[in-house]
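One structure below.
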Amino acid sequence: MSCLIDDLGVAVSPDRVRAGHAELSLYRRDASNFDGSASVVCFPMTTAEVQAVVRVCVAHATPYVARGSGTGLAGGATPLDGAVVVSLAKMDRIISIDAQARQAWVEPGVLNLDLSKAVAHLGLHFAPDPSSQQSCTIGGNVANNSGGPHCLADGVTAAHIVALEVVLPEGDIVIIGGEDPDPDGLDLRGAFVGSEGMFGIATKICVRLTQNAPAVRTMLLDFDRVEDGAETVSAIIAAGMVPAALEMMDALCTRAVEEYIHAGLPTDAAAILLVEVAGLSHGLEDQVARIISIGKAHGARTVRVAQDEAERALLWKGRKTAFGAIARIKPNYYLHDTVVPRRKLPEVLNQVYEIAKRHDLLVMNVFHAGDGNLHPLLVFDKREPGVMERVHAAGEEIVRVSVAAGGVLSGEHGIGLEKRDFMPLMFSPVDLAAQAAMRAAFDPTGLANPTKVLPSPAACGDVHHVPEGAWI
Amino acid sequence: MDLNGFAAGVGDTAQGPVSIAGSSSRGGSVPGVRTVTAPAGIEWIQADEMIVSCGAGTLVAELDAALAEIGQSIALAPTGTVGGALSVGQSGIRRLGYGPLRDVLLQAHYISAAGDVVKAGGPTVKNVSGFDLCRLLVGSRGTLGFLGDVILRTRPLPAVSQWFSTTADPFATFAALYRPVSVLWDGETTWALLEGHANDVREQAAGAGLVETGGPPALPSTARWSLPPAQLHMLSTDTGFVAEIGVGVVHHSILQPARTLDPAVLALHQRLKEQFDPTARLNPGVDLFDI
């Protein structure tokens with residue numbers, strides 16, 4: 001039998017197939033720190049090359065993992081058992097932009113923010129804006145159905161993908177979805193978005209572009225009690241407003257960020273809310289007035305309205321650099337991602353604080369409050385003996401209380417390896433079998449990123465722990 | 001919601017072919033096949049979460065009326081049952097502003113071909129827990145499973161909602177407006193639906209030279225074309241159509257020229273059907289490619 005690496009060299013080009021120790025170690029994980037092991041990394045540059053790579057993997061019965069920038073946080077792009085890593089990073093062309101139809105075809109390796117920059121002169125942008133948008137790829141956004149602060153009003157990635165060219169796991173190249181609104185048959189496009197690399201590899205992506213808002217107003221409200229901030233969030237939505245973004249940070253996080261960027265954030269507040277409204281001027285002023293009044297009625301101490309673009313950028317910098325700021329407190333953090341009903345935010349946040357306290361851990365909260373999308377950050381120093389067990393136990397409890405409050409396992413990071421074994425918290429064996437049926441239809445070979453998302457059938461009905469060392 | 005009773009009615013593969021009946025506003029059940037009906041009724045409305053749970057057999061009109069009372073709505077076509085609207089999956093003429101119908105379904109319990117109650121999705125708007133089975137169910141016309149109950153996302157009713165018209169170029173009108181809810185064109189006249197703050201609606205309309213009108217035009221109902229929005233200008237020599245600018249749906253008085261189907265896409269559909277309904281007992285004979 002021929003050698004896998006030689007065959008991949010024929011499929012792409014020998015200089016774009018790497019199996020050196022140093023390179024493989026770079027690709028053994030994504031941003032989640034779930035360690036795996038790749039046998040080889042290849043860098044196709046065309047759809048035909050991706051197809052050839054997939055066919056080589058099938059011929060060798062070797063699993064493969066598509067990878068963008070590796071910014072995923074759930075282990076979705078971690079190669080297991082010597083899988084072939086298929087890097088789409090070199091497929092980074094914006095193929096076409098149709099300003100009138102507000103659609104663009106891009107290759108999967110295009111960086112999220114690069115696309116928005118490329119269409120800015122047309123008054124358009126790509127709406128999903130994950131915190132990693134400077135470095136994450138559109139292909140990765142498709143795989144994870146990524147969100148971001150501005151997905152509250154405009155929807156997550158699935159709402160912005162109209163068509164995909166996909167190399168299916170058996171090697172066929174198909175277009176699913178379409179530039180037209182109602183392609184015949186099932187919504188295969190919708191099924192593919194968020195399939196975490198297990199349904200095939202997207203090689204071209206047609207995205208919907210969104211009109212830039214003519215005006216934006218950004219406000220910062222601060223509170224003495226976390227509950228007051230959380231209740232303000234619910235009250236704004238209940239009043240019939242859907243702000244462009246509604247983000248919350250608790251005291252510990254606010255202090256860390258302020259020390260880092262000096263934006264004049266109120267460091268004595270228990271919680272701050274960043275609220276952004278966008279649209280036409282009259283509706284905007286009306287919403288600003290109503291939000292201030294709702295905030296005041298719920299105990300907001302002060303309301304700061306950004307006076308210019310520089311001040312707005314500074315307030316957002318505070319939100320978007322929170323993770324960098326946290327590194328100054330402890331060297332390691334574990335970022336969680338669950339969703340709860342908005343009305344349960346105060347209750348679940350209190351539970352998160354109690355859980356962290358019980359496990360003697362620091363927790364900071366910086367999250368998409370308008371979506372009920374919690375991001376508790378457990379911060380720690382992994383050199384401390386026994387700390388990983390506590391981080392592990394606290395993380396599991398946070399997931400459990402979120403689901404018990406009527407929430408879900410993940411709002412935007414995906415399931416990957418991280419939450420695979422928690423799926424039975426939300427889904428029965430019958431529910432999981434239906435998801436496995438989708439996977440089997442798209443990937444009869446079972447070689448596209450196997451062992452992610454779905455727990456092994458033996459684990460159904462019982463929550464098992466993720467592999468040792470996974471929660472680092 | 002009596003999902004178990006509904007599941008018992010559907011039965012397992014030993015019970016043979018079965019079709020689901022709503023209120024026959026979209027063609028009805030499969031002739032000559034035993035029928036079942038989904039549970040009906042609104043289970044709860046959470047106004048502050050902007051979500052509603054109801055049986056798939058609930059009438060859209062009943063849901064619309066209940067939501068209107070709390071100042072919210074869902075853009076379901078205003079006839080028949082909720083399950084029927086979702087199973088057919090057609091969006092209304094406000095799709096440009098409200099997004100496609102497929103985005104409103106957050107969670108569903110459906111009855112599988114084996115007669116099991118299966119849950120797809122979850123109760124929150126933001127959710128990436130597992131594969132997106134809900135997207136597959138919307139528009140599947142009961143060929144993968146029969147919807148039992150659903151959780152849908154609602155949206156706030158606007159302060160002002162006003163139709164306008166103009167004889168100006170529809171594409172220029174579309175480009176000039178900020179997030180119009182609907183822009184329609186019949187080859188001569190362009191209609192636009194603007195929503196939001198009264199002053200914004202008035203200023204936008206004035207800026208684009210729009211004149212208030214009573215409502216949208218009557219839509220030809222013979223055929224519903226699906227074209228890339230960039231190709232709509234090619235309709236200018238046609239008559240008897242109303243096109244949704246920026247979307248690409250065309251309500252037409254003649255049938256759309258047949259479209260080619262990629263054999264690999266068809267094979268993928270067949271594999272999904274085999275996985276979900278191996279004996280082809282659910283709505284037998286319904287062909288998703290022959291609407």
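Reminder, nothing fancy here: chain letters follow the sequence lines and each chain counts from 1.
Looking at S129(B), its side chain does come within 3.5 Å of a backbone N or O of L409(A) through a donor-acceptor pair. Counting only distance, with no hydrogens or angles, the side chain of D184(A) and the backbone of F289(B) share no donor-acceptor pair below 3.5 Å.
Considering only heavy-atom pairs separated by less than 4.5 Å from chain B, the leading option among P214(A), A159(A), G147(A) is P214(A). Ranking G123(A), G407(A), G283(A) against chain B, the residue ahead of the rest is G283(A), based on heavy-atom pairs under 4.5 Å. Annotation: maximal heavy-atom pairing with chain B below 4.5 Å, among S195(A), A238(A), A436(A), occurs at S195(A). Put simply, of R343(A), R439(A), R189(A), Q103(A), the one with the most heavy-atom pairs under 4.5 Å next to chain B is R343(A). Ranked by heavy-atom pairs under 4.5 Å with chain B, the first of V453(A), D98(A), I176(A) is V453(A). The residue among F171(B), W225(B), F131(B), F276(B) with the most heavy atom pairs within less than 4.5 Å of chain A is F131(B). Interface summary for chain B: among G411(A), G240(A), A99(A), A213(A), the most heavy-atom pairs under 4.5 angstrom belong to G411(A).
At a 4.5 Å heavy-atom cutoff, the contact between L177(B) and chain A is made by backbone atoms alone. Proximity to chain A involves both the backbone and the side chain of V265(B), based on heavy atoms less than 4.5 angstrom apart. Residue I236(A) does not touch chain B at all, counting heavy-atom pairs closer than 4.5 Å. Using a 4.5 Å cut-off between heavy atoms, V174(A) contacts chain B through both its backbone and its side chain. For a residue to count as touching a neighbouring chain, one of its non-hydrogen atoms must lie under 4.5 Å from one of that chain's; by this rule H368(A) touches chain B with the side chain only. Neither the backbone nor the side chain of F192(A) comes within less than 4.5 Å of any heavy atom in chain B.
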Can you check side chain to side chain contact (heavy atoms under 4.5 Å, CB included) on M426(A) and N127(B), steps first, answer last? CA-CA 12 Å; M426(A) 256 184 88; N127(B) 175 24; 4.3 Å; yes
Going through the checks in order, is the salt bridge (Lys or Arg N to Asp or Glu O under 4.0 Å) test met by R342(A) and D48(B)? CA-CA 8 Å; R342(A) 276 183 292 269; D48(B) 54 344; over 6 Å; no
Test log, rule side chain to side chain contact (heavy atoms under 4.5 Å, CB included), inputs M438(A) and Q275(B): CA-CA 8 Å; M438(A) 285 174 76; Q275(B) 286 287 337; over 6 Å; no
Would you please test V430(A) and V117(B) for side chain to side chain contact (heavy atoms under 4.5 Å, CB included) and show each step? CA-CA 8 Å; V430(A) 169; V117(B) 178; over 6 Å; no
Run Q204(B) and L280(A) through side chain to side chain contact (heavy atoms under 4.5 Å, CB included) and show every step you take. CA-CA 9 Å; Q204(B) 279 231 81; L280(A) 296 162; 3.3 Å; yes
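Between K119(B) and S428(A), the closest side-chain pair of non-hydrogen atoms is not below 4.5 Å. R224(B) places a side-chain heavy atom less than 4.5 Å from the side chain of D182(A). Considering only heavy atoms from C-beta on, L268(B) comes within 4.5 Å of L168(A) through its side chain. When side chains are defined from C-beta on, L186(A) counts as touching L272(B), because their heavy atoms get closer than 4.5 Å. A 4.5 Å side-chain heavy-atom check between I237(A) and M50(B) finds at least one atom pair inside the cut-off.
Under the 4.0 Å criterion applied to side-chain N and carboxylate O atoms, R179(B) and D154(A) are assigned as salt-bridge partners. Between E170(A) and R271(B) a salt bridge is recorded (basic side-chain N to carboxylate O distance below 4.0 Å).
Side-chain N/O atoms of D180(A) and S226(B) include a donor and acceptor closer than 3.5 Å. Between the side chains of E203(B) and H282(A), a donor-acceptor pair is found at a separation under 3.5 Å.
Cation-pi check for R102(A) over F174(B) is met; the charged atom lies under 6.0 angstrom from the ring centroid and within 45 degrees of its normal.
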